[in-house]
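Model, not experiment: these values are computed from the prediction.
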Amino acid sequence: MNTEISPVKGGLHSVEAALLPVRLFPSVGYYAIMNRYPEVAFDTCARYNKAEKGTHRFTIADTRGELRLTVPVSRPSGTTLWKEVLVSDHGRWWETMPIALESAYGRTPFFEFYIDRFMPLFTPDARPVTELCLEADALVRSILCMPAKIVEAEEGRAFHSYTDADFESLSASLPPYWQVRADSLGFLPKLSILDLLFNLGPEAQLYLDRLSTSGVDNC
C-alpha cells in the first residue's frame, strides 16, 4: 500500500490528484480513497490483464454471504488495452443482474430509491467495458455528491497511484456500517459501493467523509 504521502488538512494528500484503475461498482475502499482528493484521474489506457476481474466484476451480499456479479466481456483479436474490450451479451446478464441486486438488497431502506438510476446501465449493447464502468462511476459520484473533480491523466503530472491491493487493504479495515443482513452474516467489509448506498442512502457520503479524516488507514 502507498504510505509515503501523509494526510493534510481535511484528509487530503499533499499530492492533489489520485490515479485510479477503472472498475465496475468497486469497493467502499475505492471511494474512500477517491474522497480524499480534490482531483481524480482514471487509468483508461491500462493494458488488458485477464486476471483483473474487478474491471467487470463486483461483490455484493445476498442471503448466503458474498456474491460476485460479473458482466461478461469479449476481447477482439489483437486487443491490448482494457478500453478495447467489449461488453458481451453472453448469459443475458443485463436481465439477471438486476434480479440479483433486488434479491440481495430489495429489503434495504434505499434500494427502491436508487435502483432506477442504475437500470439504464443494464443493456446488451456491445460497448467498451471501461465505458460501462465510467458511466456507473459517474452515477455513484452523483448520488454521493462527491467533490472530486475528474481530470485527464496527463503525462508529467504528479499522481498518487493506487491498485486493487490498496482498496482491498482499506476495505478490510472499514468500521462497521449498518447492513441489512448483519444479524445473520455479521458485518461484511469488502463489498461494492452499492452495498453502502442501498443500506445507508444519503448517510453514505457522511460515512466516507468520516473515513477521510479518521486516519483509519495509511493510504
Side-chain angles (χ1 to χ4, degrees), residues 20-31 34 42-144 163-164 167-168 171 179-181 185 188-201 204:
L20 304 179
V22 179
R23 295 291 180 264
L24 179 63
F25 293 127
S27 67
V28 176
Y30 182 102
Y31 283 95
M34 181 189 291
F42 296 110
D43 186 6
T44 56
C45 292
R47 295 188 66 81
Y48 173 79
N49 182 347
K50 186 177 180 179
E52 291 181 350
K53 299 297 186 182
T55 307
H56 58 111
R57 175 186 293 178
F58 59 98
T59 304
I60 63 172
D62 71 355
T63 57
R64 294 168 292 182
E66 292 186 0
L67 174 67
R68 291 175 177 83
L69 300 182
T70 302
V71 172
V73 295
S74 174
R75 182 190 178 196
S77 177
T79 296
T80 61
L81 303 177
W82 268 110
K83 65 181 181 180
E84 300 168 333
V85 176
L86 303 179
V87 172
S88 169
D89 63 359
H90 179 73
R92 303 186 70 84
W93 68 270
W94 61 94
E95 295 178 351
T96 59
M97 188 169 289
I99 293 172
L101 288 173
E102 183 172 10
S103 176
Y105 294 111
R107 294 172 53 205
T108 58
F110 298 97
F111 176 78
E112 291 187 359
F113 192 74
Y114 292 132
I115 189 59
D116 286 346
R117 301 275 295 272
F118 296 114
M119 287 302 294
L121 298 172
F122 305 134
T123 71
D125 300 339
R127 59 200 186 279
V129 67
T130 53
E131 179 181 303
L132 172 64
C133 294
L134 294 176
E135 289 176 3
D137 169 77
L139 283 172
V140 169
R141 286 186 289 103
S142 175
I143 292 170
L144 290 170
T163 67
D164 289 333
F167 313 135
E168 179 82 5
S171 293
Q179 292 176 331
V180 69
R181 294 192 176 89
L185 300 176
L188 300 177
K190 300 180 181 181
L191 302 180
S192 163
I193 189 66
L194 292 178
D195 186 83
L196 189 72
L197 287 175
F198 292 146
N199 281 300
L200 295 192

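Looking at heavy atoms from C-beta onward, Met119 lies in side-chain contact with Pro98 at the 4.5 angstrom threshold. Inter-residue side-chain proximity for Trp93 and Val87 is flagged as met; some heavy-atom pair is nearer than 4.5 Å. At least one side-chain heavy atom of Arg141 sits under 4.5 Å from a side-chain heavy atom of Met34. A 4.5 Å side-chain heavy-atom check between Glu102 and Ile115 finds every atom pair outside the cut-off. Residues Glu52 and Pro21 fail the side-chain proximity criterion, which asks for heavy atoms closer than 4.5 Å. A 4.5 Å side-chain heavy-atom check between Tyr105 and Ile60 finds at least one atom pair inside the cut-off. The closest side-chain heavy-atom distance from Gln179 to Asp195 is below 4.5 Å. A heavy-atom distance below 4.5 Å is found between the side chains of Val85 and Thr79.
Considering all non-hydrogen atoms of both residues, Cys133 and Val22 come closest at CB-CG1, 3.4 Å. For the pair Leu185 and Arg64, the tightest heavy-atom approach, listed with the atom from each and the gap, is CD2-C, 4.0 Å. Minimum heavy-atom separation, Arg47 to Trp82: O-CD1, 3.3 Å. Nearest approach of Ala104 to Val180, heavy atoms of both residues: O-CG1, 4.4 Å. In this structure, Ala136 and Leu24 approach most closely via the heavy-atom pair CB-CD1, 4.1 Å. The two atoms that bring Ala61 and Leu188 nearest to each other are CB-CD1, 3.7 Å, heavy atoms only.
Note: Cys45 SG to Glu84 CD = 9.5 Å, rounded to the nearest 0.5 Å. Note: Thr130 OG1 to Lys83 NZ = 8.0 Å, rounded to the nearest 0.5 Å. To the nearest 0.5 Å, the span separating CZ on Phe110 from CG on Leu200 amounts to 7.5 Å. Between atom CZ of residue Arg181 and atom CG of residue Asp62 there is a gap of 6.5 Å, rounded to the nearest 0.5 Å. Atom OG of residue Ser192 and atom CG of residue Leu197 lie 8.0 Å apart, to the nearest 0.5 angstrom.
Panel note: side chain Asn199, backbone Thr108; no donor-acceptor pair is recorded below 3.5 Å. Under the 3.5 Å distance criterion, the side-chain polar atoms of Glu131 are left unmatched by any main-chain donor or acceptor of Pro128. At least one donor-acceptor pair closer than 3.5 Å links the side chain of Ser27 to the backbone N or O of Tyr30. Side-chain atoms of Thr59 do not come within 3.5 Å of backbone N or O of Glu66 as any donor-acceptor pair.
Residue Arg127 qualifies as enclosed at atom CZ: its count of foreign heavy atoms under 6.0 Å is above 12.
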Report the C-alpha separation of Lys53 and Arg68 in whole Å, then their side-chain angles, then the decisive distance to 0.1 Å, and conclude whether the side chain to side chain contact (heavy atoms under 4.5 Å, CB included) test is met.
CA-CA 10 Å; Lys53 299 297 186 182; Arg68 291 175 177 83; over 6 Å; no

Please test Thr55 against Arg23 for side chain to side chain contact (heavy atoms under 4.5 Å, CB included), starting from the C-alpha separation and ending with a verdict.
CA-CA 4 Å; Thr55 307; Arg23 295 291 180 264; 3.1 Å; yes

Evaluate the side chain to side chain contact (heavy atoms under 4.5 Å, CB included) criterion for residues Lys50 and Arg75: first the C-alpha distance (whole Å), next the side-chain angles of each, then the deciding distance (0.1 Å), finally the verdict.
CA-CA 10 Å; Lys50 186 177 180 179; Arg75 182 190 178 196; over 6 Å; no

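Screening Leu196, Leu20, Ile193 for a side-chain contact (heavy atoms from CB on, under 4.5 Å) with Tyr31, the sole residue that qualifies is Ile193. Considering Phe118, Phe122, Phe25 in turn, Phe122 is the only one that fulfils the side-chain contact (heavy atoms from CB on, under 4.5 Å) rule with Leu101.
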